[in-house]
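One structure below.
Just so we're clear, the structure is a prediction, and the values are computed from it rather than from any experiment. Sequence lines set the chain letters: A, B, ... in the order given, protein chains first and strands last, and positions in each chain run from 1.
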Amino acid sequence: MTSSADVVDDLHRRGLIAQSTDEGELRAALAAGPVTYYCGFDPTARSLHVGHLIQFMVLRALQRAGHQPIVLVGGATGLIGDPRPSAERTLNSPELVAEWVERIRSRVAPFLDLPAAEQGLSAPIYVNNLEWTAPLSAIDFLRELGKNFRVNRMLAKEAVSARLNSDAGISYTEFSYQILQANDFKELHERHGCTLQTGGSDQWGNITAGTDLVRRTHGVSVHALGTPLITRADGTKIGKTEGATVWLDPELTSPYAFFQYWLGIDDVDARAWLPLFSERPADEVAALVQASVDRPQGREAQRALAEDLTRLVHGEAELHQAEAAGRALFGRDDLTALGESTLTASLGEAGAVELSDDDLVDGALPTVAALLQRTGLATSLSDARRTVKEGGAYLNNERVTDAEAAPDPAGQLAGGWLVLRRGKRNIAGVRLPR
RNA sequence: GGCGGGUUGCCCGAGUGGCCAAUGGGAACGGACUGUAAAUCCGUCGGCUUAGCCUACGAAGGUUCGAAUCCUUCACCCGCCA
């Protein structure tokens, strides 16, 4: 457990702080005793994704230094929409947002509900800003809150000004967002004595709107910490990109896929991200980064990231299964040597489809193209045929040349499994009917 | 309320009557090279019963042998004026 005095140093060392309000004051406050702090997550999708992980790293570090975390899920702000620089958000229905709030909240527990060994630290408080935002009347909003905001300053916020200068413009709805988020800080200050907000630096404008509001309404100086925006070496955002979002919810991204994501990241990113995401001691992290420089092919940094994060998000048991599955399936040349239990477990992690007798046509199996589609390795039959034509489809590690051919049942592995692969690392199992 | 501009495939963005399933770039996917890396090169990139057919260029109608391209109405966005 880190002592209160070092926690800011520790966060700096790990690269988790991009900006902060008066740091001297903040250090003094953290040293003086337990501080109540919060971080908010808006329900803009069914699940949080790896881009959100950094917030949990900060929340955890502060919690282990003895401070009191509050996790806010934005049931209200999720209905309004935080302005993005690019374009207006489409509004989601209240029912959908409420469903997402529940889903997200239920997935947050593993990050902060500490195991028995670490008890004595503060359990997180969970709140939903709908609780105080829904009852707010238009009159109160305008008289009590609005009076504290200068439009001039609101216009200067980065996301707002970007939108004012673009074709898209900005709706009054989204323009109001920062007032709601600022009010969250004020409410949490009043309800729980919260004096620190953490969040991504893309939220900095909203966060400081909150510290300003608390100062104006209570004459109290409260604090904020902003995490850096994590980008990949190629400049794209971590996690939420088109088509390839890595979610934290195991129903959306399996622990196996999650583990593989981290194992597959490039060297530059692995070295940069390990300090951010690993809670290993500083010297051990430094050694792993050095190892990546000396022996990049060993992929030790990637492996450490994959292990630490899979354990954190999905737990020890899932980590072991994901690891074992990867080992078995990437062994490449000796699939026939794998036993039924290994195959069943590995393919279950990677993604598997069970065929029934109804899937057989005159006793013959579906075509390779059909199986690629069934397993999700290809999005359509056309995509599957294309993949075969490109030489990217493999059955039991043998390249497939005819998309319309049905696999020979004699080629089945232990337990009636066929291993389908697309490209180097997309693997799925097909189990033949008994 | 008036006038003008816009809405194209995952994204950006060409295309002003047939040669358009639609130039180009990016993303993505596959192959080669590697280390389940990056860079590079090559290929693919709406769907299907795949030498053919179907669906698509905001929506619905219309003109035409033929429309992403012309006309009408509607929806939404942007700008200027009131």
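The distance from atom CD1 of A:Ile427 to atom P of B:rG30 is 12 Å, rounded to the nearest whole Å. When the P atom of B:rC48 is taken as reference, atom CG of A:Leu372 falls 13 Å away, rounded to whole Å. One interatomic measurement links the two molecules: CG of A:Leu377 to P of B:rA28, which rounds to 19 Å at whole-angstrom precision. A:Trp273 places its CH2 atom 13 Å from the C1' atom of B:rA38, with the value rounded to the nearest Å. Here B:rU49 presents its P atom at 8 Å from CD of A:Glu404, a figure rounded to the nearest Å. The CZ-P distance, from A:Arg425 to B:rA28, rounds to 11 Å in whole Å. Put simply, CD on A:Glu174 is 14 Å from C1' on B:rC77, counting in whole angstrom units.
Side-chain N/O atoms of A:Thr77 and A:Asn129 include a donor and acceptor closer than 3.5 Å. With no hydrogens or angles considered, a side-chain donor-acceptor pair links A:Gln302 and A:Asp267 at under 3.5 Å. Under 3.5 Å, the side chains of A:Thr344 and A:Trp417 contain a donor-acceptor pair of N or O atoms. Counting only N and O atoms by type, the side chains of A:His320 and A:Glu316 include a donor and acceptor under 3.5 Å apart.
You'll find the side chain of A:Leu263 stays beyond 4.5 Å of the side chain of A:Phe258, heavy atoms only. At least one side-chain heavy atom of A:Pro94 sits under 4.5 Å from a side-chain heavy atom of A:Leu79. Residues A:Val71 and A:Val127 fail the side-chain proximity criterion, which asks for heavy atoms closer than 4.5 Å. Between A:Leu145 and A:Leu136 there is a side-chain heavy-atom pair separated by less than 4.5 Å.
Checking B:rG30, B:rA37, B:rG47 against every side-chain atom of A:Glu390, the shortest atom distance belongs to B:rG30. With B:rG30, B:rG47, B:rU36 as the choices, the nucleotide that has an atom nearest any side-chain atom of A:Phe330 turns out to be B:rU36. When each of B:rG47, B:rA37, B:rG30 is scored by its nearest atom to the side-chain atoms of A:Thr379, the top-ranked nucleotide is B:rG47. Taking only side-chain atoms of A:Ser382, from C-beta outward, the nucleotide of B:rU36, B:rC48, B:rG43 with the closest atom is B:rC48.
The side chain of A:Asn426 places an N or O atom within less than 4.0 Å of a non-bridging phosphate oxygen (OP1 or OP2) of B:rG30. In this structure, A:Thr387 does not reach the B:rC29 phosphate: none of its side-chain N or O atoms is under 4.0 Å from OP1 or OP2. Note on A:Tyr394: a side-chain N or O is less than 4.0 Å away from OP1 or OP2 of B:rG31. Between A:Arg386 and the phosphate of B:rG47, there is a side-chain N or O to OP1/OP2 separation shorter than 4.0 Å.
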For RNA chain B, the expected dot-bracket line (Watson-Crick or G-U under 3.5 Å, [ ] crossing, | inter-strand) is ((((((((.[[[..)..(.....]]].(((((.......))))).(((...)))...[[[[[..)....]]]]]))))))).
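Counting atom types as modelled, A:Lys424 pairs a side-chain N or O with a base atom of B:rU34 as donor and acceptor under 3.5 Å. For B:rG35, the base has a donor-acceptor partner in the side chain of A:Asp267 [N/O atoms by modelled type, under 3.5 angstrom].
Taking the six-membered ring where the residue is Trp, A:Phe56 and A:Phe41 present parallel rings, their angle staying beneath 30° rather than reaching 60°.
Between B:rG13 and B:rU23, the distance separating the two C1' atoms is 10 Å to the nearest Å. For the C1' atom pair drawn from B:rU72 and B:rC78, the interatomic distance equals 23 Å after rounding to whole Å. Across the C1' atoms, B:rG15 and B:rA68 are found 8 Å apart, a figure rounded to whole Å. Nucleotides B:rC81 and B:rG26 are separated by 39 Å at their C1' atoms, to the nearest Å. Rounded to the nearest Å, the gap between the P atom of B:rG47 and that of B:rC29 is 16 Å. Comparing the C1' positions of B:rG46 and B:rU40 gives an interatomic distance of 30 Å, to the nearest angstrom. Atom C1' of B:rC71 sits at a distance of 13 Å from the matching atom of B:rG17, rounded to the whole Å. B:rC20 and B:rG35 have their C1' atoms separated by 44 Å, with the value rounded to a whole Å.
When the nearest nucleotides of RNA chain B are assigned to A:Gln373 and A:Gly392 by heavy-atom distance, the more 5′-ward of the two goes with A:Gly392. Comparing A:Arg271 and A:Arg385 against RNA chain B, the residue whose closest nucleotide sits nearer the 5' end is A:Arg271.
More than 12 heavy atoms of other shown residues, nucleotides or ligands fall within 6.0 angstrom of atom CZ in A:Arg215. Atom CD of A:Glu398 has 12 or fewer neighbouring heavy atoms from other residues, nucleotides or ligands inside a 6.0 Å radius.
For RNA chain B, the neighbouring residues in residues 294-313 of chain A, judged by any heavy atom under 4.0 Å, are A:Pro296, A:Gln297, A:Arg299, A:Gln302.
At a threshold of 4.0 angstrom between heavy atoms, the contacts of A:Arg399 are confined to the sugar-phosphate backbone, with no base atom among them.
No option in A:Leu377, A:Leu420, A:Leu347, A:Thr375 other than A:Leu347 meets the side chain to side chain contact (heavy atoms under 4.5 Å, CB included) test with A:Ile427.
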